[in-house]
Amino acid sequence: MHPHIQHLIRCIDLEEKEQAQRYRLDQAHTLKQLKAEGLALHPVIVTRRNFGYADYPEISFKLSFPPEVSQFRDGAAIECFIPGEEPVKGVLLSLDGRNGEFRLFAPDFPDWIEDDGVGIKLAPDTRTSSIMKKTLGELEKNKSLFKIFEKIHGDDLSADAKKSINASAISFRNKNLNESQQQAVAAVLEHEDITIIHGPPGTGKTTTLVEAVVQLVAAGEKVLVSAPSNTAVDHFVKGLLNRQVKVLRVGNTSKVDAIVFPHTPEGRMSDSKHQKEIKQLKIRAEEFRKMALKYKRNFGKAEREQRQLLFKEVKSIRTEIKKLQHYYEEKMLEEAQVIAGTPVGLYDAELDKHHFKTLILDEAGQCIEPLAWCVFPMADHIVMAGDHWQLPPTVLSMEAAKAGFNTSILEAAVSKITNVHLLDTQYRMQPAIAGFSSQYFYKGLLKTAAHLLNTGSPVQFIDTAGSGYNETHGPDGSSLQNEGELQVVLKLMETENLDPLQTALISPYAGQVTAARELLPAGMRISTVDSFQGQEKETIIVSLVRSNDDGDIGFLKDYRRMNVAITRAQQQLFVIGDSATVGPDAFFNAFLDYVEKAGVYRTVWEFAG
C-alpha cells in the first residue's frame, strides 16, 4: 500500500480515537466538562416528536440557555442521553439559535425522552471513518485515479505544462461573466483529469461553477456536484435551480433549505402516489410500535421477548419502506441532470449504475483528503473549487493535525496541479477592505470590480493596548473572552450609528461569541469566524480577544482565519484588538501597517466615558 495512503488511514484512526476520548461521558469526563467544552447540550426541552422520511424517530427541541454550538454542525453524529440510561445514537439535523432537531437510529423513541434531564452530546462519526478507510483501501485498484493520487503526492512539480484555454468559441449563457470566470468555465469544458478553480472571497465562484454545469448539461452530460457541508451543497443547488437545471439533492435532506426541499427524494415523493404506499407501511409500523409500548420498562422475560418480536416487525417494515424508497429514488436519479450531495450523501445514494463524466467538488479547501477520495472514483474528470487561503478542515486530534490531516484536498493538490484558474475580480468589498488580503494572500492579483469605490473609512483598527481590557476564561473555564472589547462594540454601535440588522460581530473565540449574545442588540448576527465562512454583511466587527503580557496569540497564528474574518464586510470593517499583544507577530504587524496607510487607526481612549 502507498505510504501516504497508510499515513491517511493512521490519521483517521487518530481522529477516531480523539473523538471517542473527547466525547465520552463517564466519571472521569463529567457532563459539566462536556458542556463547558461545547460538546454537550443539556438539558434540552422536547417540543415535538414525529417519524421522519425513513420512519426514524425525529425530535424537535429548544434550549433555555444561549448555547455554545460551534461544534454542533448539521449532520453531526450525536447521542441522546439521560443520566442512568443507555444512550441512543443519532444525527443532528439542524440547530439554529436555541431551536434544533435530531434523528435517532432506533425503532422508537426511548421511554425517557420527555423526562427531565435529557440531553444530546457529540459522538464519534465511526461511519464516515469506515467509509473513508474502505475507499482508501481500494484506491490503488483504480489505475487512472491512482495516477492522479501519485501526481498529487509525487515529487515531480513539472508533470504537465499549463495549457492555454480559448474561451472565445463558447456561447456563454450568463453574459455577465468576467474574463477570468469565462476562462475557468472553458477549462472545465476541456475535461482534463483535474481542474482547479481558485476562488478568493467575493469572486463569484458559485456563479462560475453554475455556468460550467449549465454548459455541461447542455452538451448532454449528467453531472455530479459535491461539497463537504450540507450548507455548501444547498447554496450550489439554489444556483442551479435559478437556471432551471433538473437537480436531485440526495443525502441528509430533512432540514435542507425550503427552496431545495422539493428537489430532494423526500420532497419529490411527498406529492406522489408512491407516498400512499409508504404511508400504509408507516401506519402498520406505528401499530406494532404501540403494541410493543404496552410493555413498560419493568417487565419479565416473556414480555421482553414479545416486545423484541414486535420491534423486530417494526424493523422489517422499515426495511420494506427503504426498499420502496430506493426503487423510486433510482427512477429520480435516472431523470436528474445533476445529482448533488455531500461525499457521504453521494456514497449512500449508491450511484454505481450511473456514469458521470464530470464531478465538481465545491469548497474543496474545507474537505479533508480521504473524504474527497470517497467521491473521486464516481467520475472521469474532477473539478475542485475553493480557496486554500481560507480556513482548512476542522480536525480534533492534535497529533493528526500535526501530521497534516487538516491539509485539505485542495491545498494538497494546488502546488502539484498546473491546471489552476484564478478568479481575479472580487465584487463584495470596497477596495480598501480587500486590499490587505490581495497583497498578503493573493500576490496582488485580486482586483476589485470597477463599480466598487471607497467611501468613508472602510477599514478601522481600534487599539485596546494599555486599557487593561485583558482576555479571561469564560465562567466555566472554557473558551477565552474579552468583556472590554464587547464594551467597545457597544460604544461603536452607538457612535457610528450602526444598524444591528446590517452588522455582524465575529470572533475567533467561541467564549466571546457566547458572551456577546448576552450583551449585544437582538437581531445582530454574532458568530465565530469559522461558522461565518462563506457569508457576508454590510458591516463587520472583528473582536480578536487576545490581550496578555506574554504576546500569546494562540490560534490567531492560523492567518487563514484572519483572512476569512477581514473579507466578510461589504462596506465597513472594524477590527478591535490589543496591538501590544498581536503587533509583535509579523502578519498582524503587516495588517496594522496597512490600516495606518489605507484606513483609520484609532485608540480605545476615544470610546472612554
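Atoms considered below: every heavy atom in the structure, side chains included; atoms not considered: hydrogens, waters and symmetry mates. All figures in this text were calculated on a predicted structure; none of them were measured in a lab.
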Tell me, do Arg568 and Val529 make a side-chain contact under 4.5 Å, heavy atoms counted?
-> no

Counting N and O atoms only, with roles assigned by atom type, does the side chain of Gln21 sit under 3.5 Å from a partner on the main chain of Glu18, one being a donor and the other an acceptor?
-> no

If we only count heavy atoms from C-beta on, is the Thr464 to Ile576 side-chain gap below 4.5 Å?
-> yes

Would a distance-only check, ignoring hydrogens and angles, find a side-chain to backbone donor-acceptor pair under 3.5 Å from Ser438 to Leu446?
-> yes

Tell me, do Phe574 and Thr539 make a side-chain contact under 4.5 Å, heavy atoms counted?
-> yes

Look at the side chain of Arg428 and the backbone N and O of Thr567, then say whether any donor-acceptor pair between them is shorter than 3.5 Å.
-> yes

Is the closest side-chain donor-acceptor distance between Tyr23 and Asp125 under 3.5 Å?
-> no

Check: Glu58 side chain, Arg48 main-chain N or O, donor-acceptor pair, under 3.5 Å = no

Please answer whether the main-chain N or O of Ser60 pairs with a side-chain N or O of Thr47 as donor and acceptor at a distance below 3.5 Å.
-> yes

Hey, does the side chain of Arg517 reach the backbone of Ile526 with a donor-acceptor pair shorter than 3.5 angstrom?
-> yes

Lys491 side chain to Phe607 backbone, donor-acceptor under 3.5 Å = yes

Quick one: closest heavy-atom pair of Tyr509 and Gly554, and the distance?
-> OH-CA, 4.2 Å

Name the one of Thr581, Asn482, Asn548 that satisfies side chain to side chain donor-acceptor pair (under 3.5 Å) with Glu471?
-> Asn548

Looking at side-chain heavy atoms only, is the closest gap between Gln533 and Gln390 below 4.5 Å?
-> yes

Gln426 versus Pro200: any side-chain heavy-atom pair under 4.5 Å?
-> no

Is Ser531 reaching over with its side chain to a backbone N or O of Thr528, donor-acceptor style, under 3.5 angstrom?
-> no

Can you find a side-chain donor-acceptor pair between Gln430 and Thr455 that sits under 3.5 Å?
-> yes

Counting distance only, does the side-chain N/O of Glu79 pair as donor-acceptor with the main-chain N or O of Pro87 below 3.5 Å?
-> no

Distance-only side-chain donor-acceptor flag, Asn178 / Ser180, under 3.5 Å | yes

CD1 on Ile259 to CG on Asn242, rounded to 0.5 Å | 7.5 Å

Taking the side chain as every heavy atom from C-beta outward, state whether Ile120 and Ile59 have any pair of such atoms under 4.5 Å apart.
-> no

Report yes or no: is the cationic atom of Arg561 (NZ for Lys, CZ for Arg) closer than 6.0 Å to the six-membered ring centre of Phe555, at no more than 45° off its axis?
-> yes

Is Glu363 salt-bridged to Lys205, cutoff N-O under 4.0 Å?
-> yes

Picking from Tyr559, Phe587, Phe461, what satisfies ring-ring contact (aromatic ring centres under 6.0 Å, His included) with Phe436?
-> Phe587

Do Leu544 and Asp578 touch side chain to side chain, with heavy atoms closer than 4.5 Å?
-> no

Residue pair Glu538 / Gln572, side-chain donor-acceptor N/O under 3.5 Å = no

Salt-bridge criterion met for Arg602 and Glu496 (N-O under 4.0 Å) = yes

So, does Glu15 use its side chain to make a donor-acceptor pair with the main chain of Leu396 at under 3.5 Å?
-> yes

